[in-house]
Number of protein chains: 2
Amino acid sequence: MSRSTLSLLEFALLGLVHDHQPCCGYGLRKIFTETPMGRFSDSPGSIYPALARLERARLIRGRVENSTAVRRRKVFRLTPSGRSELSRRLERPITQSDLPRGMPELALRFAFMESVLGRAECVRFLQSLAKELAAYIPSLRHHLEVEQTTNSLSASLAMESGVMSYECYLAWARRAIRRFRQTRSSS
Amino acid sequence: MSRSTLSLLEFALLGLVHDHQPCCGYGLRKIFTETPMGRFSDSPGSIYPALARLERARLIRGRVENSTAVRRRKVFRLTPSGRSELSRRLERPITQSDLPRGMPELALRFAFMESVLGRAECVRFLQSLAKELAAYIPSLRHHLEVEQTTNSLSASLAMESGVMSYECYLAWARRAIRRFRQTRSSS
DNA sequence: TCTTACATGTAAAAGGTTACATGATTAT
DNA sequence: ATAATCATGTAACCTTTTACATGTAAGA
């Protein structure tokens, strides 16, 4: 891809290849189909072109299995530059602008974080997330109060569901930090 | 648009025009920029073409204000078929396939629901949502338990954040039903 | 035998993002 | 005077979606 940043789908594929290598397109597709992870389309029309773009960018390398497997399939592995691209994306600091766009991308980043960057970075990520959420939520609450008089009840409640979901993520982040501290020994 | 269903952006604009009419493109843009509602791009390159598509489809009608206003601006109103299209979209029953894609679209539908369909429909929507969530969450919990042994802690926690967010929405939906019952008199 | 699962792609169409482009009016 | 706000659009590029297309192997 000529684009400088990876799309969310490309990023998800890069992380999945890292965690599951060697793996083939069909297997990655099944992850989208069968697990709740990511809300990506499981259609081959999105995943195979995305893998081809990652391969053109030399972030993954695919080889057609000729001998061992029963069927012809192309197995992918990360290249060194693919790994460093993944690390760069995971290391990006959380900013306020990440929050209004929703948590799914941040959750995806966190899912890959331990296997790529290790536990210490996970805890730093969670602390940073908690800090940004704690700063963001009051502004949402304020906005909610201001517009409550103007809007219908359903519109207010819809907005409240958004605020509440951020509050839940904050509580989750704090619990998650504790979980890392409790189980520091394993892994 | 030749496409049969409206994109999320087009649907959002249709609902916003309904609630704010008469309104112009710039005002709609500001809603995306200044309020946390929707995570849509506030760039003119997305919103003006989308409004043009809605107008071509005869769902909204725009008129250039020539006299009263200080500046030239195009104000939009819903057409009857725009209103019925909006109703159809809002009335669509919730299915299991709506949930893995995430709540944002459902929240958006709910936000417009009271002003278009009335309170009774809002309560039905919430009851249906609660029912679907209650059926969906155990399958997520089960998936989480199965994969917990395989995955890293951060991957498990990321998945758990997703499950937890659905649980929060379920609690929200039940509270919201009570709120409608309590304040039935007003509006 | 027939269907399901495995396995990989391409083509057309459309929508969204980014960047570009323009111009009037109000506030500093 | 100059910057910020109001106001509307276009063009290029890329991604995604939907649909089409093909073929093997295993299981019912």
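Each chain gets a letter, A, B and so on, in the order its sequence line appears, and its residues count up from 1. Predicted, not measured: the structure shown is a model, and the values here were computed from it.
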Distance check needed: C:dT22 P versus B:Y48 OH, whole Å only. 17 Å

Rounded to whole Å, the CG-P distance (A:L13 to D:dT15) equals 13 Å

Grab the N/O contacts between the protein and nucleotides 16-20 of chain D below 3.5 Å, and write none if there aren't any.
unit_1: D:dT16; atom_1: OP1; unit_2: A:S7; atom_2: OG; d: 3.2
unit_1: D:dT16; atom_1: OP2; unit_2: A:R53; atom_2: NH2; d: 2.9

Locate the shortest heavy-atom distance separating A:P104 from A:R39; write the atom from each residue and the value. CB-NH2, 3.8 Å

At what distance, to the nearest 0.5 angstrom, does CD of B:E114 lie from CG of B:D19? 10.0 Å

Measure the distance from CD on B:E34 to P on D:dC6 and round it to the nearest whole Å. 8 Å

To the nearest angstrom, how far is B:L54 atom CG from C:dA14 atom P? 15 Å

May I ask you to evaluate whether A:Y26 reaches the phosphate of C:dT8, defined as a side-chain N or O under 4.0 Å from OP1 or OP2? no

Spacing between A:L51 atom CG and C:dT10 atom C1', to the nearest angstrom: 15 Å

Would you say the ring centroid of B:F110 lies under 6.0 angstrom from that of B:W172? yes

Tell me the interatomic distance from B:L28, atom CG, to D:dT8, atom P, rounded to whole angstroms. 9 Å

Can you measure B:R72 atom CZ to D:dT5 atom C1' for me and round it to whole angstrom units? 16 Å

Atom CG in A:L140, atom CD in A:E145: separation rounded to 0.5 Å? 12.0 Å

Any salt bridge between A:E91 and A:R109, counting N to O under 4.0 Å? no

B:E55 CD to D:dG9 P: how many Å, rounded? 9 Å

Can you pull the ring pair (Phe, Tyr, Trp, His ring centres under 6.0 Å) pairs that have at least one residue in residues 34-60 of chain B, sequence neighbours excluded? B:F32-B:F40

